[in-house]
Each structure stands twice: as structure tokens, then as C-alpha cells.
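Chain letters run A, B, ... following the sequence lines, proteins first, then strands; residues in each count from 1.
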Amino acid sequence: ETGVTQTPRHLVMGMTNKKSLKCEQHLGHNAMYWYKQSAKKPLELMFVYSLEERVENNSVPSRFSPECPNSSHLFLHLHTLQPEDSALYLCASSQDPRDTDTQYFGPGTRLTVL
Amino acid sequence: GQSLEQPSEVTAVEGAIVQINCTYQTSGFYGLSWYQQHDGGAPTFLSYNALDGLEETGRFSSFLSRSDSYGYLLLQELQMKDSASYFCAVNRDDKIIFGKGTRLHILP
């Protein structure tokens, strides 16, 4: 039980669709993260939020739009994605954004873009 | 640049000991972490070395040598449930950078 939940677990969407991924952490942490995990590539950090403010954006295309309404919830809004965006999208949280040594991950959303 | 190198796959026998190495070409980082990820699951934190030397947590140990730009994860008394991917990661400038991961196969 990781304390970080993600929905949906699987998502198939067309390139013209708009969808959202949801993450919720029940650990009382102050920082939340979105990662992309593609086959045979390292985990790629996409966004970092600290106390609901975005502190990091690793040059992610604008078709990915994060939203952090409060310290427990994180969304990733998707629109006009490309097939190469198919991947596992992982949410994580930590007590502090500088506590990057111990992150707690959610189970991920397996995204397929047709 | 910043990169971490790990073997892509390692195979070992149940009950044996296996070492997964991680070498890096980044400087000025704060520590080396290890994560385990089972197929279809989320990465889970295993260990963290802030200082050089060996950290032991049950059957798992992790080692760091900054002078050699090298670390490893040691798994003892291997069990079939240890079959998973293992990632090393470093903290640098408040970011965490992951290696590509090592797939550990365990034979009965």
C-alpha cells in the first residue's frame, strides 16, 4: 500500500481526444511529481509541485497540462497527444520537494495513444 | 552531462547473492538511491546512501563510493519475489535522475 493512488490505471485515447489523469496522495506530503516511463528509457521527470505551486517543468510539450488544486491532488490534462506519448505515467510524492531521496510512487496509468 | 549506467539485465539463482552496479557521470549530487519495480507495479524505495560506504537493510545492502563514481545494490539470499527491475537514482540540484534500470531474473 503506497499511499499514492492514480486513476485510471489504463487509458486508450485517440490523438484528438482530451483526457485527464488523476493522482491523490494520502501521506500528508507537500510535494508531488509527474513522471513518464517509456520502454527502455529512464524515468523522465515531467513536473514538480510544491505546496500547489509548480517549481519544475522539464521542457514538457504543452499538450501536457498539469494542475494541482491542493497538496493532496494532482492532475495531468492531456490533449492532442501523439503515438509516441504512449507510456506509463507515474505520480509520486515526497515530504518536501528537496526530499528527492525518498519518493513514494503511485501504480501509474498505462496510456496508449492511437 | 548527467547519466547513470546500469547493466540492462542480470540473472542469478535463487538463494544466491547478486550485485547490481551503477556508475555515473554526474558530480555535485547529494546521494544515491535505489528503487525496485515489479512488472506492472510502481517503483518502491529501497535504500539511500548519503555518505560513502555500505548501508544495510535486511537482505539488501547498498554501497557508494564518490571517489570512484560508483555504487551498487547487493541482494542476498535471493528469493523468486526479488525478480524485478532495479533503478539507481541520484539527487542533484533538487532533482532526481534515474538510471535505465536493471532487470533481475532469478532462476529456481
Chain B contact via A:Leu90 - which portion, at a heavy-atom distance below 4.5 Å | side chain

Show your reasoning for whether ring pair (Phe, Tyr, Trp, His ring centres under 6.0 Å) applies to B:Phe63 and B:Tyr72.
-> CA-CA 5 Å; B:Phe63 174 82; B:Tyr72 65 73; 5.0 Å; yes

At a heavy-atom separation under 4.5 Å, does B:Gln37 approach chain A through its side chain, its backbone, both, or neither?
-> side chain

Just checking, any donor-acceptor pair under 3.5 angstrom between side chains of B:Gln25 and B:Ser3?
-> yes

Assign the ring pair B:Phe98 / A:Phe105 to parallel, tilted or perpendicular, where the plane angle (0 to 90°) is split at 30° and 60°.
-> perpendicular

Heavy-atom pairs under 4.5 Å with chain B, option from A:Gln37, A:Glu44, A:Arg9, A:Arg110 with the top count | A:Gln37

Would you check if the side chain of A:His77 reaches a backbone N or O of A:Lys18 as a donor-acceptor pair within less than 3.5 Å?
-> no

